[in-house]
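Each chain gets a letter, A, B and so on, in the order its sequence line appears, and its residues count up from 1.
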Protein chains: 2
Amino acid sequence: MIDDARFGLSRTVSLPGPLLLDSGAKLSPVEIAYETYGLLNADKSNAILICHALTGDQYVASVHPTTGKPGWWTRMVGPGKPIDPARHFIICANVLGSCMGSSGPAAIEPSSLTAYGMRFPVITIRDMVRAQAMLLDHLGVDRLHAVVGGSMGGMQALSWPATYPDRVEAALVIASTARHSAQNIAFHEVGRQAIMADPKWRGGDYYADADPPSAGLAVARMAAHITYLSEAGLTEKFGRKLQGRDAKTFGFDADFQIESYLRHQGLSFTDRFDANSYLYITRAMDYFDLAEEHGGHLAHAFKASRARFCLISFDTDWLYPTAESRAIVHALNAAGAPVSFVELKSPFGHDAFLLESPELNRIADGFLRAGESR
Amino acid sequence: MIDDARFGLSRTVSLPGPLLLDSGAKLSPVEIAYETYGLLNADKSNAILICHALTGDQYVASVHPTTGKPGWWTRMVGPGKPIDPARHFIICANVLGSCMGSSGPAAIEPSSLTAYGMRFPVITIRDMVRAQAMLLDHLGVDRLHAVVGGSMGGMQALSWPATYPDRVEAALVIASTARHSAQNIAFHEVGRQAIMADPKWRGGDYYADADPPSAGLAVARMAAHITYLSEAGLTEKFGRKLQGRDAKTFGFDADFQIESYLRHQGLSFTDRFDANSYLYITRAMDYFDLAEEHGGHLAHAFKASRARFCLISFDTDWLYPTAESRAIVHALNAAGAPVSFVELKSPFGHDAFLLESPELNRIADGFLRAGESR
């Protein structure tokens with residue numbers, strides 16, 4: 001893990017904007033909370049942007065200020081890791097719509113001086129990327145050596161070369177997809193309905209007191225969490241094992257380990273995440289369809305791109321299965337873009353990209369270094 | 001569809017019991033609401049018990065009194081169908097714990113003269129079967145020509161020959177499993193937490209006024225409903241099609257057809273189902289592990305059985321995948337029981353057993369007639 005004081009820089013910048021959003025709305029100012037690690041080199045050729053997933057944040061390799069836990073991707077980012085502050089200028093920004101310091105529903109609306117709540121404009125993955133581009137302008141980074149992300153981070157990593165073809169040299173896209181499927185949307189809709197059904201949600205206007213819709217948010221997290229794990233992984237880890245008891249209780253407490261694990265996942269999530277942000281970010285993911293943004297042809301998204309691509313999927317990921325990555329590879333092939341693709345074996349489903357995987361690291365390292373030797 | 005007046009008989013019987021439950025509790029009286037079709041023949045050899053799924057009911061081939069819809073399995077049960085009132089005496093009973101007239105949390109507890117609520121004892125699949133056996137005693141049916149069920153109905157159809165080996169000649173088990181997996185339990189737990197998080201649930205004590213925890217129950221239904229459909233089926237039926245609009249609204253209304261479909265599934269369910277029954281029946285399913293009931297060896301469950309078995313799975317069913325049926329077949333082989341097994345192709349996932357399937361009907365018809373020609 002990277003020691004904040006020595007390697008990491010935690011900042012929030014308020015950019016005047018306005019940022020023109022896909023909805024037609026304009027956002028101003030645009031607050032962006034971000035971390036950086038390492039230094040930008042003289043020819044500004046070593047910047048890597050890391051894009052986080054739905055419930056992720058900018059603390060990719062720094063201690064999380066709320067939970068006190070290590071950064072969420074210290075397996076990939078750190079000294080001696082594929083993304084290394086000794087070699088790279090590493091940037092990770094909290095996405096637009098989130099709740100760790102960047103503009104989102106919990107932020108203060110300038111005109112009313114109260115939290116936006118549901119008056120915050122609905123944003124898209126491309127809007128997140130546009131905000132990141134504003135941050136790069138602010139940091140003096142014209143071109144990215146690479147943009148890297150898993151899951152929703154992968155959507156941004158795909159959207160980057162499509163939106164700013166001249167600013168990206170390489171995109172590493174892990175466990176992701178170019179569009180949300182009906183099943184993906186369905187799971188998110190369950191989560192949103194769980195939040196909005198919680199009487200404490202109050203139309204999103206719950207910031208004045210300290211009583212947010214935690215119960216609804218916990219249920220949303222539980223439903224989503226199942227999709228991050230494989231059936232085989234759940235069976236291996238939990239099976240039908242009972243929770244600290246010898247026998248079933250014939251009641252409704254958590255009898256099975258999987259039940260108490262899920263309850264814990266739901267409850268602990270509410271300590272660190274805002275329910276409205278969950279609504280906005282899931283909406284952005286559901287709206288994501290990179291082909292649709294380019295006349296219905298995914299290959300057209302990459303026509304102007306000169307980036308190299310690396311796609312990685314996991315064989316037990318049923319949220320964004322390998323077929324989704326393969327569809328992207330086909331489109332990249334059609335667009336004549338250089339692309340490599342690997343399906344890795346893992347018992348851990350979608351979450352595998354966050355877990356120990358020497359193969360993942362080896363591929364990421366090779367892909368990033370190939371760009372550096374040019 | 002069978003016309004009630006001519007073919008169906010709708011009844012509720014109150015049996016004194018007591019019924020000794022797996023939990024150790026005793027239930028008395030035991031109310032059982034059931035439908036019958038056709039007549040028991042002279043040698044009482046033509047009785048078929050149909051077991052319904054989680055949210056099913058006794059109206060297998062009769063109009064549902066609340067929704068006004070045709071019976072839920074008129075494709076399988078009716079004149080000229082594999083299960084035919086002209087040939088068979090057909091019985092379908094509302095399971096113990098449910099809410100269509102059989103004893104369950106919404107029923108009146110004799111000692112307090114108020115609804116049981118959460119004082120209703122936690123029941124198991126085997127308890128449901130025991131209650132059905134009491135009903136058969138009442139109806140003068142010693143032996144079943146066949147017991148038939150899909151999903152949770154298939155669990156009962158498996159439990160029948162294990163619990164009453166002398167009373168079952170054949171068991172037709174469709175899209176089912178011999179035990180709930182960690183993932184199965186996880187989805188049910190999400191649903192239970194959604195219900196119990198609804199402030200209107202009030203510890204299950206909500207029957208006095210007409211204000212049940214519908215929002216929580218709707219979310220539970222939505223989450224479960226996703227598991228009944230295949231990813232490919234959802235893509236084919238809904239994909240990313242928008243709901244009666246040309247463009248996204250950049251809001252939180254149901255933009256996508258899959259969203260409004262799911263919301264409708266959730267809402268309409270609350271008109272016909274009791275939230276506490278949902279808690280109790282999902283608990284019974286999660287507790288189900290037929291091997292565990294027999295010393296950890298599934299084959300031992302069938303040692304005393306003399307029944308023929310037919311197992312049918314669907315290739316896109318990810319709730320109870322084909323591997324679950326195959327495990328049952330292996331156990332039946334090990335027990336020396338006659339068994340046939342087919343995996344059918346269908347794009348519709350778990351729900352395929354309820355839908356039009358000439359192959360399913362052909363197999364069911366052949367299996368049932370084989371027993372009749374002896």
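Put simply, the side chain of B:Gln183 reaches to within 4.5 Å of the side chain of A:Ile226, judged on heavy atoms. Side-chain contact between B:Glu259 and A:Arg192 is present, with at least one heavy-atom pair separated by less than 4.5 Å.
In this structure, CZ in B:Phe187 is found 7.5 Å from OG1 in A:Thr227, a value given to the nearest 0.5 Å. Between the CG atom of A:Asp255 and the CD atom of B:Glu189 there is a distance of 9.5 Å, given to the nearest 0.5 Å.
The greatest number of non-hydrogen atom pairs below 4.5 Å with chain A, out of B:Pro321, B:Ser214, B:Gly239, B:Ala25, is found for B:Gly239. In terms of non-hydrogen atom pairs under 4.5 Å with chain A, the most contact-rich of B:Met222, B:Arg283, B:Met196 is B:Arg283. Options A:Thr235, A:Thr249, A:Asp22, A:Ile185 differ in how many heavy-atom pairs under 4.5 Å they form with chain B, and the most are formed by A:Ile185. Among B:Asp198, B:Val122, B:Leu229, the residue making the largest number of heavy-atom pairs under 4.5 Å with chain A is B:Val122. Looking only at heavy-atom pairs under 4.5 Å with chain B, the residue among A:Gly216, A:Ala215, A:Ala186, A:Ala197 that has the most is A:Ala186.
When heavy atoms are compared at a cutoff of 4.5 Å, A:Leu262 approaches chain B solely by way of its side chain, counted from C-beta outward. Contacts of A:His188 with chain B are absent, with no heavy-atom separation under 4.5 Å from either backbone or side chain. Of the atoms belonging to A:Leu234, heavy atoms from both backbone and side chain fall under 4.5 Å from chain B. In this structure, no portion of B:Ile123 lies under 4.5 Å from any heavy atom of chain A. Interface remark: A:Thr124 contributes side-chain atoms only to the contact with chain B (heavy atom separation under 4.5 Å). In this structure, chain A has heavy atoms under 4.5 Å from both the backbone and the side chain of B:His180.
Taking the charged nitrogens against the carboxylate oxygens, B:Arg240 and A:Asp286 have no contact shorter than 4.0 Å, which rules out a salt bridge. Ion pairing between A:Glu293 and B:Lys248 fails under the 4.0 Å rule for side-chain N and carboxylate O. Ion pairing between A:Lys241 and B:Glu292 fails under the 4.0 Å rule for side-chain N and carboxylate O.
Other residues, nucleotides and ligands contribute at most 12 non-hydrogen atoms within 6.0 Å of the CG atom of A:Asp205.
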(Q) Determine whether B:Phe250 and A:Leu21 satisfy the following criterion, side chain to side chain contact (heavy atoms under 4.5 Å, CB included), listing intermediate values before the conclusion. (A) CA-CA 11 Å; B:Phe250 290 94; A:Leu21 303 170; over 6 Å; no
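Partner of A:Phe252 under the ring-ring contact (aromatic ring centres under 6.0 Å, His included) criterion, chosen from B:Tyr287, B:Tyr280, B:Trp201, B:Tyr278: B:Tyr280.
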